[in-house]
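Taking it in order: structure first as structure tokens, then the write-up.
In what follows, chains carry the letters A, B, and so on, assigned in the order in which the sequence lines appear, proteins first and then strands, with residues in each chain numbered from 1. All values below come from the heavy atoms of this structure, side chains included, with hydrogens, waters and symmetry mates left out.
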2 protein chains.
Amino acid sequence: MTEHHDTDVLFKALADASRRKLLDLLHAHDGRTLNELCEHLDMTRQGVTQHLDLLEAANLVATVRRGREKLHFLNPVPLQEIYERWIAKFEKPRLKALADLKRRMEKPNG
Amino acid sequence: MTEHHDTDVLFKALADASRRKLLDLLHAHDGRTLNELCEHLDMTRQGVTQHLDLLEAANLVATVRRGREKLHFLNPVPLQEIYERWIAKFEKPRLKALADLKRRMEKPNG
DNA sequence: TCTTTTGGCAAGTAAATACTTGCATATAGT
DNA sequence: ACTATATGCAAGTATTTACTTGCCAAAAGA
């Protein structure tokens, strides 16, 4: 609507479970090639490429070519911006405190 | 994918600019009726209803009927959960510090 | 009771989305 | 040079999504 275009691209990039899984995979282990990522998703390589293209357009993934391979890296900055713009804004201090407590209780030795 | 269904519903609810605008409207002023919300969006009432239904399914909006009116309230808890699960997880302390700094510099008298 | 206001329900449509198949290209290894 | 590997590009398709139009019902006010 009256909103920044990048914001829309970013939220749309996050709106698909396969793409969130790709982010998770890169979070667990950065710098993977396309084929390495494909092994974890139940779709063709071309499908994965298209998802990665969207993540790259949203600036959530950066790539580097090394020879015939393409390495993928996670960029968490846009997620931080979502937090600043969309979550901190809506956050009630009490609710944050509750969430913090819940997190501490869920992993007491974390 | 291997993911919780609610997570998908939540991200999909946030993936549309009109729905994010509705959240903004409720953040600015809670408890609005359907028609009040319609005044701010350039679409039919039925279209707005469908967006609100998705927000309600994602538990981002709760409603109460008062006579013939339907009042809408924002529930920020799922946003907090996104933060806990998706942003804090990907966050590098340095990047958070940068974002904080950027925010302070952008509104020096905020 | 009659009319207006507020909202619900259902079906239709146009566009966006998530894939696929098929073929082409560049790098690497033998 | 030949083959295998890693990826790119393009077009087709089925589903989902974001709307619309049209009609219906309930509550409120005259």
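Straight-line distance from the CG atom of B:Asp16 to the P atom of C:dT17: 10 Å, rounded to whole Å. Atom pair B:Asp42:CG and D:dA18:P shows a separation of 16 Å (rounding to whole Å applied). One atom, CG of B:Asp53, and another, P of D:dC19, lie 14 Å apart when rounded to the nearest Å. The separation between B:Leu71 atom CG and C:dT6 atom P is 12 Å, rounded to whole Å. As rounded to whole Å, 13 Å separates atom C1' of D:dA18 from atom CG of B:Leu41. Look at CZ on A:Arg68: it is 16 Å from C1' on C:dA24, rounded to the nearest Å. Rounding to whole angstrom units, NZ of residue B:Lys70 and P of C:dG8 are separated by 4 Å. Atom CG of B:Leu54 and atom C1' of D:dT17 are 9 Å apart (whole Å).
Remark: the B:Arg45 side chain and the C:dT6 base include no donor-acceptor N/O pair separated by less than 3.5 Å. At a cut-off of 3.5 angstrom, counting only N and O atoms as typed in the model, there is no donor on one side facing an acceptor on the other between the side-chain of A:Gln50 and the base of C:dT17. Taking only distance into account, the side chain of B:Glu36 never meets the base of C:dT6 through a donor-acceptor pair shorter than 3.5 Å.
Heavy-atom distances to DNA chain C give each of A:Arg66 and A:Lys12 a nearest nucleotide, and the one nearer the 5′ end belongs to A:Lys12. Checking B:Leu34 against A:Val48, the closest nucleotide of DNA chain C that is more toward the 5' end is the one next to B:Leu34.
Between D:dT5 and A:Asn35, no contact under 4.0 Å exists linking OP1 or OP2 to a side-chain N or O. For B:Arg19 and D:dA18, the shortest distance from a side-chain N or O to OP1 or OP2 is below 4.0 Å. Between B:His51 and D:dT17 there is no side-chain polar atom (N or O) within less than 4.0 angstrom of OP1 or OP2. Distances shorter than 4.0 Å separate some side-chain N or O of A:Thr44 from OP1 or OP2 on C:dT20.
Minimum atom distance to the side chain of A:Gln46 is reached by C:dT20, of the listed C:dT20, C:dT5, C:dC19. Taking only side-chain atoms of B:Ser18, from C-beta outward, the nucleotide of D:dT7, C:dG7, D:dC19 with the closest atom is D:dC19.
A:Arg19 contributes no side-chain N or O that, together with a main-chain N or O of A:Leu14, makes up a donor-acceptor pair within less than 3.5 Å. B:His72 contributes a side-chain N or O that, together with a main-chain N or O of B:Arg32, makes up a donor-acceptor pair within less than 3.5 Å. A donor-acceptor pair is defined here as one N or O able to donate and one able to accept, closer than 3.5 Å; such a pair exists between the side chain of B:His27 and the backbone of A:Lys89. Under a 3.5 Å cut-off, the side chain of B:Lys12 and the backbone N or O of B:Leu54 do not form any donor-acceptor pair. Without hydrogens or angle criteria, A:Asn75 side chain to A:Asn59 main chain gives a donor-acceptor distance under 3.5 Å.
B:Gly67 comes within 4.0 angstrom of the backbone, heavy atoms only, and of no base.
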